[in-house]
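Note: hydrogens, waters and symmetry copies are ignored here, and every other heavy atom, side chains too, is used. Here is the naming used below: chain letters follow the sequence lines, and residue numbers restart at 1 for every chain.
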Amino acid sequence: MAKKKKTFRPKARTPKGLRDIGASTVRAEQMMLARIRDVYELYGFEPLETSAFEYADALGKFLPDADRPNEGVFSFQDDDDQWLSLRYDLTAPLARFVAENYDGLAKPYRRYQTGPVWRNEKPGPGRYRQFTQFDADTIAAPTVAADAEMCMMAADCLEALGIPRGDYVMRVNNRKVLDGVLETAGVVGEGPEFEVQHLTVMRAIDKLDRLGPDGVRRLLGKGRKDESGDYTEGAHLEEAQIDRIIAFTQCGQTDRIAVCDAMAELVGESEVGAEGVAELREIDALITACAYGPERIAFDPAVVRGLGYYTGPVFEAELTFEAETDEGVTRFGSVGGGGRYDNLIERFKGVKVPATGFSIGVSRLYSALEALGKLNQDEVIAPVVVLVMDKDQLPGYQLMVRELRNEGIRAELYLGGSGMKAQVKYADKRNSPIVVIEGGNEREAGEVTLKDLILGSQLSSQIEDNAEWRESQPAQLAVPRAELIKGVKDMLARHFDMSHVDARHR
RNA sequence: GCCGUCUUAGCUCAGUUGGUUAGAGCGCUAGAUUGUGGAUCUAGAGGUCCCCUGUUCGAUUCAGGGAGACGGUACCA
């Protein structure tokens, strides 16, 4: 077949795992970020912004993943051959910043930061290769008071966003307790082999909610084969060890003190274990004093968190309600998490700098709020559109736009090249409340015509005959040119509460 | 990473047992109406039939490889 000669055209498409975000979502998301920021500010945190990419060695790798050591991060080489990487979270850049500016910072240093991060992974539903996090961290704070505060602040954030008490819970655990249990269970050792086993155990526990105790049991033992035939290598523990770990993960309950008691029992003689339990008791005392009950902050031994660098308390913000989405009923699960990382800055400084932090997964939380109906998306009134009836009258039209803008009314001149019908259609599509019409007839009479598109749209459901509909010119009003502003304001006031527009200009 | 399904217009999808010019609905642009949103009628734009290689006189169709999308699983600092 003879093909037509074609000029090459690139395919317009978004890269895998990336997406565009439309106007109403951007607005709603920014409102959400503002509310979170207000809570962080209230707690005394200061804003910080760092760049999107860093020297690769400064970001470091905190995940000893034997299989794929270099995956997950987007990297490229500078013209001096040094490797740069896009940040994959906001904590690693913070560690670099603190190390670089250590002496000048008031310590404890408390900062918050939001922005996109990038991970080079297979995208999935609700999982992208670029996503936004909103972090707060306290650096050089050795006591668990800092951790307790993180948990309370996270709870406050969720409530500030309109999530009712009872629909979320902060689940808290301590890595030290976990280590203690492993110690008494006899899962001990040193070197990379032990690291891998340790990691496997953590990952297994992390899957408890999805696979249940039996699945976790298999992962702790020989291994597990899933329905698609994929086999996951296990940790090869003995039955008695597995029993002890499973018992530990199951000892969660409502009363925080009772959880601590159960943990103390399972930790036995282990020193780190005892230390971990003591820390949890201290956290309990702090949050109890502030009246955060277990329905808001609970102790749960099944919380593990991805591991990388955590050394003490770890926490996870979980949404517990179910919601109808396109895919049916879903639980949103974890929308954020964090914990204590005492040796992250040590990489740079050579001295231990204790720190703790919390990170909110913005997109995930956003979809949850959307499902809850907590986002009022269309608060912004679309612009008034001034139509171009006669091209030689542009300065006059532009002046009308200027006058409207001076009054704080969103307005724009029609900047396209099409006829009147297309212009009204455009305004309609933009959700514009009003179009301003000044053709020859109006000009002669010293008037402008205002067309109320919202009212017109309501009337249009009763249209029978097109010609008649046009002649009747529904929802239109001619006002003297000098009263353009007043006319527009009155018309807007039919549909909107205009107090905030006026207030801005007083 | 592994397993499975899929990929034709902006969207949802037909279709070609391998054959000239690949279709529909919706959407889009414009006209009917100097100058009015819906409906109607008319016209128009828009396609490397995912990419590469092979088989063939001829491939959107068949074969091999690749990419991408979706679902499951693994990973998730």
| field | P spacing across the pair A59(B) / G54(B), given as an integer number of angstrom | value | 11 Å

| remark: To the nearest angstrom, the CE-C1' distance between M202(A) and C76(B) comes to 16 Å

| message | Taking only the C1' atom of each, what is the distance from G23(B) to C75(B) in whole angstrom? | response | 45 Å

| said: Could you tell me if N120(A) and Y88(A) have a donor-acceptor pair between their side chains, going purely by distance under 3.5 Å? | reply: no

| task | Identify whether any heavy atom of S457(A) sits under 4.0 Å from a base atom; if not, whether one sits that close to sugar-phosphate; answer base, sugar-phosphate or nothing. | result | base

| said: Measuring from the side chain of A422(A) (C-beta onward, heavy atoms only), which nucleotide among A77(B), A74(B), A30(B) has the closest atom? | reply: A30(B)

| message | I'd like to check the salt bridge (Lys or Arg N to Asp or Glu O under 4.0 Å) partners of R129(A); sequence neighbours left out, ordered by chain and number. | response | none

| message | For F134(A) and Y112(A), take the angle between the two ring planes, folded into 0 to 90°, and tell me which bin it lands in: parallel under 30, tilted 30 to 60, perpendicular over 60. | response | tilted

| said: Measuring to OP1 and OP2 of U29(B), would you say a side-chain N or O of S418(A) lies under 4.0 angstrom away? | reply: no

| field | Nucleotide nearest K16(A) when distance is taken to its side chain, options A69(B), C75(B), G37(B) | value | A69(B)

| If you take atom types as modelled and just measure distance, does the side chain of K425(A) reach the base of U29(B) with a donor-acceptor pair under 3.5 Å? | no

| message | Distance check needed: G35(B) C1' versus E447(A) CD, whole Å only. | response | 15 Å

| query | For R443(A) and G35(B), is the shortest distance between a side-chain N/O and OP1 or OP2 below 4.0 Å? | reply | no

| note | Here the helical stems involving RNA chain B, each at least 3 consecutive Watson-Crick or G-U pairs closer than 3.5 Å, sorted by first residue number, are B:1-7 with B:67-73, B:10-13 with B:23-26, B:28-32 with B:40-44, B:50-54 with B:62-66

| field | Residue-phosphate contact under 4.0 Å: R203(A) side-chain N/O, C76(B) OP1/OP2 | value | yes

Got a list of protein N/O to nucleotides 39-45 of chain B N/O distances below 3.5 Å?
none

| note | Of Q476(A) and L211(A), the one whose closest nucleotide on RNA chain B sits nearer the 5' end is Q476(A)

| Nearest-Å distance once atom P is located in both C6(B) and A24(B) | 27 Å

| query | Which nucleotide sits closest to the side chain of V424(A): G35(B), C75(B), G37(B)? | reply | G37(B)

| Whole-Å distance between A77(B) C1' and R129(A) CZ? | 17 Å

| What pair of heavy atoms forms the shortest contact from L59(A) to L86(A), and how long is it? | CD1-O, 3.7 Å

| query | Is E438(A) touching bases, backbone alone, or none of the nucleic acid, heavy atoms closer than 4.0 Å? | reply | nothing

| task | Measure distances between side-chain N and O atoms of K122(A) and base N and O atoms of G68(B), and say whether any donor-acceptor pair falls under 3.5 Å. | result | no

| What residues, two or more places apart in sequence or in another chain, satisfy salt bridge (Lys or Arg N to Asp or Glu O under 4.0 Å) together with D135(A)? | none

| Whole-Å gap separating P (C75(B)) and CD (E233(A)) | 12 Å

Less than 3.5 Å apart, which donor and acceptor atoms pair up between the side chains of residues 433-445 of chain A and the rest of the protein, not counting sequence neighbours?
residue: E438(A); atom: OE1; partner: R443(A); partner atom: NH1; Å: 3.1
residue: E442(A); atom: OE1; partner: G439(A); partner atom: N; Å: 2.9
residue: E442(A); atom: OE2; partner: T449(A); partner atom: OG1; Å: 2.7
residue: R443(A); atom: NH2; partner: D390(A); partner atom: OD2; Å: 2.7

| query | R96(A) side chain to A58(A) main-chain N or O, any donor-acceptor pair under 3.5 Å? | reply | no

| message | Check E54(A) with R87(A), please: is the shortest side-chain N to carboxylate O separation under 4.0 Å? | response | no

| request: For G27(B) versus U40(B), give the span between their P atoms, rounded off to a whole number of Å. | output: 8 Å

| Rounded to the nearest Å, what distance is computed from the CZ atom of residue R19(A) to the P atom of nucleotide C70(B)? | 13 Å

| request: Would you mind classifying the nucleic acid contact of D452(A) as base, sugar-phosphate or nothing, using non-hydrogen atoms under 4.0 angstrom? | output: base

| query | Can you tell me how far C1' in U56(B) sits from the matching atom in U61(B), rounded to whole Å? | reply | 13 Å

| field | Distance, rounded to the nearest Å, where L199(A) contributes CG and C75(B) contributes P | value | 9 Å

| note | From CG of D20(A) across to P of G10(B) the rounded distance in Å is 17 Å

| field | Rounded distance in Å between the P positions of G46(B) and A22(B) | value | 14 Å

| query | Is a side-chain donor or acceptor of T25(A) paired with a backbone partner of I21(A) at a separation under 3.5 angstrom? | reply | no

| said: Taking only the P atom of each, what is the distance from U12(B) to G71(B) in whole angstrom? | reply: 14 Å

| field | G25(B) versus G72(B) - spacing of their C1' atoms, nearest Å | value | 34 Å

| message | Assuming nearest nucleotide by heavy-atom distance, tell me which of K429(A) and E121(A) is located more 5' along RNA chain B. | response | K429(A)

| request: For G440(A), report the nucleic acid contact type (base, sugar-phosphate, nothing); a contact means any heavy atom under 4.0 Å. | output: base

| task | Could you tell me the separation between the CG atom of L387(A) and the P atom of U34(B), rounded to a whole number of Å? | result | 16 Å

| NZ or CZ of R175(A) within 45° of Y310(A) ring axis and under 6.0 Å | no

| query | Any sub-3.5 Å donor-acceptor pair from S85(A)'s side-chain atoms to V73(A)'s backbone N or O? | reply | no

| remark: Out of A74(B), A77(B), G35(B), minimum distance to the side chain of M420(A) belongs to G35(B)

| task | Sorted by first residue and then second, give each ring-ring contact (aromatic ring centres under 6.0 Å, His included) pair with at least one member in residues 423-453 of chain A; sequence neighbours left out. | result | Y414(A)-Y426(A)

